Number of protein chains: 2
Amino acid sequence: MKPTHHSRLQQILKNDILSGKQKEGSVLPSENELAAKHNIARATVRHALASLEKEGYIEKRQGKGSIVKAYNKKISILNIKGFSSVVSNASNQFILKPHYAAWPKPFAYNLSKEMEDAGCIFMKRLRSINGEPILLELTYLPNIGLPDFCFNPFINDSLFETLSKRYLIEIKDVEQDIRAIKPCDEAIKYLKIKKSDPLLCLNLKYATNRLELNIYSTLYCDTQKYSVGNSD
Amino acid sequence: MKPTHHSRLQQILKNDILSGKQKEGSVLPSENELAAKHNIARATVRHALASLEKEGYIEKRQGKGSIVKAYNKKISILNIKGFSSVVSNASNQFILKPHYAAWPKPFAYNLSKEMEDAGCIFMKRLRSINGEPILLELTYLPNIGLPDFCFNPFINDSLFETLSKRYLIEIKDVEQDIRAIKPCDEAIKYLKIKKSDPLLCLNLKYATNRLELNIYSTLYCDTQKYSVGNSD
DNA sequence: TAGTGGTCTAGACCACTAA
DNA sequence: TAGTGGTCTAGACCACTAG
């Protein structure tokens with residue numbers, strides 16, 4: 001996995017934004033400036049900026065420039081950013097730490113024979129905001145090419161950051177399925193809601209840069225105080 | 001609004017896919033072939049294909065080609081495609097036809113003084129699949145630059161198609177806000193659900209190619225039979 | 001008017017896939 | 001090995017924004 005010019009620039013700018021060096025509403029250096037500074041062609045700069053725009057970090061305006069987008073305060077599960085990178089005052093608690101298991105049967109998605117046989121890594125997490133439980137998440141990863149996954153703690157409490165830094169796995173795409181349901185017993189227990197409270201249920205399928213590797217999550221979300229959104 | 005080479009090619013390919021001339025799983029002509037056939041540079045072809053990929057119509061594979069994506073059978077409200085272009089056997093019924101009105105107060109989003117003063121165009125639609133009511137949609141458009149909007153019927157029953165063909169307005173972006181709620185009386189009546197049934201509520205804000213023009217929709221969706229998804 | 005992003009060209013080389 | 005998409009360059013002109 002060799003870094004390209006555009007992905008390198010993309011990472012530099014993303015870090016500038018996340019670290020606050022580029023504040024929301026500020027204008028990035030112009031495409032020509034970036035090209036000159038990094039010794040790359042303008043088309044390559046545009047490629048990097050297009051990626052940042054797709055991920056929701058910037059907004060482009062003809063004649064003005066590339067503007068750092070306002071930070072979205074919603075629980076942005078629907079975009080690719082994940083949870084811990086978006087919500088502040090959020091905390092993660094493992095109800096079940098990552099462990100090896102068989103895939104549940106039946107499983108909502110089709111699995112290849114190879115994945116089926118390898119079994120899965122399963123975890124159950126409760127996510128809270130300001131101490132209030134908001135989200136119960138069941139996550140399934142195929143037990144392929146993830147050595148020692150269960151024996152090392154997460155980096156920064158983040159599954160995606162761990163996958164990226166430890167295994168060079170990047171999330172490319174999300175497929176999602178949303179329903180409003182009556183809460184199951186488990187959700188009632190952990191989210192401390194009533195049996196009559198409606199609950200948001202999301203089934204997510206994350207595609208990664210490894211073609212055969214998908215990550216599956218089922219989320220139960222109490223949307224009475226917070227809503228689920230995207231900034232896409 | 002002058003059509004560009006890449007948007008023209010994008011439209012041609014999109015039509016080929018939607019009309020079935022390019023079937024799901026089939027491979028589009030190669031970038032070089034498309035470039036030669038349409039007398040444009042390969043970079044321009046790539047621009048068009050990138051847009052199609054972003055909208056979920058195709059998937060690119062290095063060394064193989066651009067593959068037409070499997071048609072997503074879910075009610076894809078979360079992507080930009082809209083409703084009528086995605087779901088077959090779907091029907092639209094106006095509960096309230098488009099008419100001029102004041103903006104509701106309070107309104108979930110901030111409006112500029114100009115928009116506020118212009119008032120809005122409001123409509124209420126019930127959408128059914130196979131004769132079963134699934135979705136109640138309340139839509140608000142600013143009454144700016146949409147002459148005679150209320151006096152002409154929709155093209156193909158589609159708001160987006162009407163905006164595109166009659167007013168050259170294209171949807172660029174969607175911001176969404178999702179909740180599971182207890183149904184309101186109106187939803188119970190039109191969707192024929194019980195008071196205890198959980199209901200999915202979506203607040204959508206569509207951005208368009210006209211900077212000051214946003215479209216707002218509130219959707220109430222019965223997800224007991226169909227779920228809401230995206231193919232992003 | 002100067003500077004920005006948007007579109008477009010005509011090349012080049014590389015990485016991957018399949019026969 | 002031939003053909004595909006992925007990356008990249010060095011130019012050009014246009015449309016839009018702001019001073």
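Just so it is clear, the structure is predicted and the values come from calculations on it, not from any experiment. In what follows, every heavy atom counts, from backbone to side chain, and hydrogens, waters and symmetry copies are set aside. Reminder, nothing fancy here: chain letters follow the sequence lines and each chain counts from 1.
Contact of the A/L34 side chain with the A/R42 side chain is not registered, since no non-hydrogen atoms from C-beta on lie closer than 4.5 Å. Looking only at side-chain heavy atoms (C-beta outward), B/Y220 and B/E137 stay at 4.5 Å or farther from each other. Within the 4.5 Å cutoff, no side-chain heavy atoms of A/N15 are placed close to those of A/K21.
In this structure, the CD atom of A/E33 is 13 Å from the C1' atom of C/dA2, given to the nearest Å. One atom, CG of B/L49, and another, P of D/dG5, lie 8 Å apart when rounded to the nearest Å. Across the protein-nucleic acid pair, A/I58 atom CD1 and C/dT4 atom P stand 15 Å apart, rounded to whole Å.
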How would DNA chain C look in dot-bracket form, 5' to 3', counting Watson-Crick and G-U wobble pairs with both distances under 3.5 Å and writing | for bases paired to another strand? ||||||||||||||||||.

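Here the rule is ring pair (Phe, Tyr, Trp, His ring centres under 6.0 Å) with A/F122, and of A/F94, A/F107, A/Y100, A/Y140 only A/Y140 fits it.
Rounded to the nearest 0.5 Å, atoms OG1 (A/T208) and CD1 (A/I169) are 6.0 Å apart.
Within the nucleic acid shown, A/E59 has no heavy atom closer than 4.0 Å to any nucleic acid atom.
The aromatic rings of A/W103 and A/Y216 stand perpendicular to each other, their planes meeting at an angle above 60°, with 30° marking the opposite boundary.
Look at B/K60 and B/E31 and you find a salt bridge, because one of the NZ, NE, NH1 or NH2 atoms lies within 4.0 Å of a carboxylate O, short of that distance. Salt bridge B/D16/B/K14: absent, no basic N to carboxylate O contact under 4.0 Å.
Checking the phosphate oxygens (OP1, OP2) of D/dA18, a side-chain nitrogen or oxygen of A/K64 falls inside 4.0 Å.
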Can you give me the N/O atom pairs linking the protein to nucleotides 6-8 of chain D at distances under 3.5 Å, or say none if there are none?
{"unit_1": "D/dG6", "atom_1": "OP2", "unit_2": "B/R46", "atom_2": "NH1", "d": "2.8"}
{"unit_1": "D/dG6", "atom_1": "OP2", "unit_2": "B/R46", "atom_2": "NH2", "d": "3.3"}
{"unit_1": "D/dG6", "atom_1": "OP2", "unit_2": "B/K60", "atom_2": "NZ", "d": "3.1"}
{"unit_1": "D/dG6", "atom_1": "O4'", "unit_2": "B/Q62", "atom_2": "NE2", "d": "3.4"}
{"unit_1": "D/dG6", "atom_1": "N7", "unit_2": "B/R42", "atom_2": "NH2", "d": "2.7"}
{"unit_1": "D/dG6", "atom_1": "O6", "unit_2": "B/R42", "atom_2": "NH1", "d": "3.1"}
{"unit_1": "D/dC8", "atom_1": "OP1", "unit_2": "A/H5", "atom_2": "N", "d": "2.6"}
{"unit_1": "D/dC8", "atom_1": "OP2", "unit_2": "A/H6", "atom_2": "N", "d": "3.3"}
{"unit_1": "D/dC8", "atom_1": "OP2", "unit_2": "A/H6", "atom_2": "ND1", "d": "2.9"}

